[in-house]
Amino acid sequence: MPPVATPARADRGGGTDAPASGPPVVALIGPPNSGKTTLFNRLTGLRQRVANYPGVTVEKHVGRARFASGLDLDIVDLPGVSGFSARSPDERVTRDVLEGRIEGLREPEAIVLIVDAVRLETQLMLVGPVLERERPTLLVLNMADELEAGDGTLDDEALAAAFGVEVVRTDARTGRGVEAVADFLDRVAVRSATSATGAKSGSGSSAGRAGLPTLDALSRRREVVQDALAAAKYRSAGPPKLTQRLDALFLHRIAGPAVFLVLAALVFQAIFTWATPIMDGVELGIASSGEWLAARLPASWFRDLLIDGVWAGVGSVLVFLPQILILFLFLGILEDSGYMARAAVIADRTMLKVGLQGRAFLPLLSAYACAVPAILSSRTVEDERDRMATMFIAPFMTCSARLPVYALLIAAFIPERPLLGPFFGTQAATMLGLYALGLVAAIGTAFLLRRTFLRGKPAGFVMELPPYRIPALRTVALRLLDRSKIFIRRVGKIILAVTVVLWVLAQFPRVDGAPPPVDESALGQMGQVIEPAIEPLGFDWRIGVGLVSSLAAREVIVGTLGTIYGIEDSDETSLELRAALQRDLDFGGAIALLVFFVFALQCMSTVAMMRRETAGWKWPLAQFGYMLALAYAGALAANQLL
């Protein structure tokens with residue numbers, strides 16, 4: 001029967017979240033793009049909890065599931081790897097988990113190895129190292145529907161006999177074969193519960209591996225895998241005709257980049273057009289709930305704090321959630337469809353010229369969502385100098401936190417006029433230009449770094465291209481739900497704290513028991529201290545306060561300006577806030593502010609992650625100072641020219 005999901009435990013990442021007395025642990029491993037995480041979501045029935053392994057910044061994903069026996073079992077979704085050579089943090093963590101070296105995480109009782117059935121020649125290279133662990137092992141042939149649809153052949157029983165493991169076929173996207181995986185895991189849970197010694201013997205057809213060959217050398221592993229596939233009469237389905245036709249377009253030296261730009265323009269236009277009705281609904285809900293709450297509370301400082309501070313501040317940022325989710329929707333579809341791997345190949349041609357390899361493309365692409373996971377995902381870049389350069393330039397990618405700032409200023413200062421009919425207008429073009437400006441800065445910085453402090457020839461780039469696939473709606477939906485939770489938690493912690501502090505600063509020193517004029521408040525005085533330094537950029541003290549507050553989170557500046565101007569329910573659609581900005585900022589100052597946010601590292605979370613990843617303050621301080629100087633110079637130039 002299918003697994004019954006129960007809530008996953010809350011991982012803390014400090015080594016105390018997986019006590020030895022807890023449920024048995026099963027490791028889920030596989031190469032990249034094998035559908036491993038999709039199967040993980042099917043087995044656990046929920047989106048995985050994410051934390052960091054103790055001492056490293058590689059993420060761990062743990063979900064708890066309950067099967068037919070009623071016993072619980074924890075499934076660890078390990079990073080996608082192609083081997084255990086320990087050349088990257090991903091490979092080192094995967095090896096250490098299988099060997100029981102991770103503090104606070106039990107040594108796995110069994111292993112589920114998931115591979116892409118249409119690419120077994122390369123994906124089965126993990127079989128040898130896995131079998132050396134001498135754990136009950138299940139080999140999952142995912143994407144089995146594509147193998148069968150393409151007239152591929154494989155004798156599952158012969159393959160199982162060749163490796164001495166159980167073999168099942170699955171299609172994780174539709175749920176086919178998941179019951180067989182759940183049955184294997186249930187047997188592991190029962191065996192763990194009834195075993196007094198915890199002996200590491202096989203289960204089912206995986207028992208007894210004394211006769212297996214030693215697979216230490218890579219050449220020997222390759223020999224064994226081809227022998228096993230020959231015994232199983234394996235014939236790959238080959239690339240589908242659709243994949244070949246699409247690659248002829250998407251990988252074309254001229255048409256490929258052109259298609260990428262068209263897709264990017266579509267995404268940016270959708271952020272402005274598709275999100276508007278949803279944002280209007282969110283804004284109406286926030287305003288209505290605030291009015292309802294205010295009507296039921298007596299007049300007091302607490303009501304003012306709750307309504308004008310907390311509700312207005314958090315609501316002014318929460319309204320941007322639809323735009324952020326639309327961005328993630330497009331990124332998820334493009335990634336799950338297999339297009340992103342092609343985009344990395346296209347990017348490699350350009351990135352090689354500035355000293356980076358195509359493998360850095362995916363971390364940099366994820367930086368369009370947030371620089372923090374981008375820095376984490378740079379662990380897939382094996383060369384240390386390439387990896388450092390990738391982390392350094394990641395914050396130049398326009399993250400989702402910049403969207404509220406861009407949307408507010410573009411709506412206030414850039415009139416909407418069609419450029420390519422109803423599909424692409426001046427506001428979307430401005431947004432695309434800001435993204436392009438950040439990309440140019442990233443490329444220029446990478447070029448500079450790889451010829452000075454990180455001098456050296458970039459490592460070679462090899463990537464296996466998966467077939468094109470229709471994205472699974474369930475996987476995309478879970479990703480959007482996950483991003484919503486992350487954004488709301490961000491609003492609930494950082495932004496809530498900042499808005500409360502700003503509200504308090506705006507209330508003191510009180511005059512005859514009443515709040516002072518905003519320019520005479522502690523908040524206003526703080527901004528006036530900053531004003532001389534930013535006046536050449538076209539900014540006044542109000543913008544200065546916003547810049548300081550946005551160090552916690554870029555999008556905080558929208559709520560900050562609303563607090564300063566005394567505007568309730570302020571967001572990028574607020575006509576009052578737009579009018580206030582148009583009164584206090586000229587066109588040159590508005591463009592300068594946009595340029596400043598393109599370049600400046602207004603995110604302490606990114607600084608903290610850089611410190612953890614580089615084990616010191618040298619690189620994060622250099623990164624912050626460099627980007628601040630570039631932001632100031634760029635804003636100054638924009639204001640003076642315009």
Side-chain angles (χ1 to χ4, degrees), residues 31-35 38 116-119 121-123 143 145-147 149-152 173 236-271 273-274 326-354 356-369 397-398 419-425 428-429 431-433 435-436 439-440 442-443 460-473 475-476 479:
N33 300 314
S34 60
T38 303
D116 187 340
V118 298
R119 296 181 290 160
E121 296 93 338
T122 55
Q123 303 245 314
M143 319 292 185
D145 57 321
E146 296 182 6
L147 177 70
D151 295 328
R173 293 171 296 175
S236 175
K241 291 184 179 180
L242 178 61
T243 294
Q244 299 178 40
R245 292 172 181 172
L246 290 177
D247 278 346
L249 173 64
F250 293 149
L251 296 180
H252 192 273
R253 301 185 65 88
I254 298 176
V259 170
F260 182 82
L261 291 178
V262 170
L263 290 175
L266 176 63
V267 172
F268 299 134
Q269 183 66 19
I271 289 174
T273 57
W274 296 5
I326 286 178
L327 174 63
F328 278 102
L329 174 64
F330 274 94
L331 291 179
I333 291 174
L334 293 176
E335 182 178 354
D336 291 353
S337 66
Y339 175 78
M340 283 305 182
R342 275 76 183 176
V345 173
I346 295 173
D348 182 61
R349 302 166 185 165
T350 302
M351 297 176 73
L352 191 62
K353 297 178 181 178
V354 300
L356 295 176
Q357 55 164 291
R359 194 174 299 277
F361 173 80
L362 295 179
L364 294 178
L365 187 68
S366 68
Y368 282 110
M397 306 295 108
T398 300
L419 293 178
L420 297 176
F423 304 103
F424 192 64
M431 178 75 80
L432 181 60
Y435 274 69
L439 179 61
V440 169
I443 292 174
F461 171 59
V462 178
M463 174 174 285
E464 187 176 11
L465 298 180
Y468 291 97
R469 298 184 173 108
I470 298 176
L473 294 179
T475 301
V476 174
R479 182 183 290 113

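Note that this is a predicted model, so its numbers are computed, not measured.
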Side-chain atoms of residues 249-262: list all donor-acceptor pairs with protein atoms under 3.5 Å, sequence neighbours left out, distances to 0.1 Å.
| residue | atom | partner | partner atom | Å |
| --- | --- | --- | --- | --- |
| H252 | ND1 | I254 | N | 3.0 |
| H252 | ND1 | A255 | N | 3.1 |

For V118 versus L147, what's the shortest heavy-atom pair and its separation?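 Result for this residue pair: CG1-N, 3.6 Å.
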- request: Heavy atoms only: give me the nearest S34-Q123 pair and the separation to one decimal.
  value: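 Distance-wise, the nearest heavy atoms are CB-OE1, 3.6 Å.
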*When you look at E146 and R173, which way does the salt bridge (charged side-chain N to carboxylate O under 4.0 Å, His left out) test go after all the steps?*
CA-CA 12 Å; E146 296 182 6; R173 293 171 296 175; 3.3 Å; yes
Residues two or more places apart in sequence or in another chain: which of them pass side chain to side chain donor-acceptor pair (under 3.5 Å) with Y468?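 Once residues adjacent in sequence are excluded, the partners of Y468 under the side chain to side chain donor-acceptor pair (under 3.5 Å) criterion are D247, R342.
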* Just jot down the side chain to side chain donor-acceptor pair (under 3.5 Å) partners of R245, sequence neighbours excluded, or say none. =>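 With sequence neighbours excluded, R245 shows a side chain to side chain donor-acceptor pair (under 3.5 Å) to no residue whatsoever.
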query: Are R469 and D116 close enough, and set up right, to give a salt bridge (charged side-chain N to carboxylate O under 4.0 Å, His left out), and what steps lead you there?
result: CA-CA 13 Å; R469 298 184 173 108; D116 187 340; 2.7 Å; yes
Problem set entry | Interatomic distance, I333 atom CD1 to L263 atom CG [nearest 0.5 angstrom] |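 CG of L263 is found 11.0 Å from CD1 of I333.
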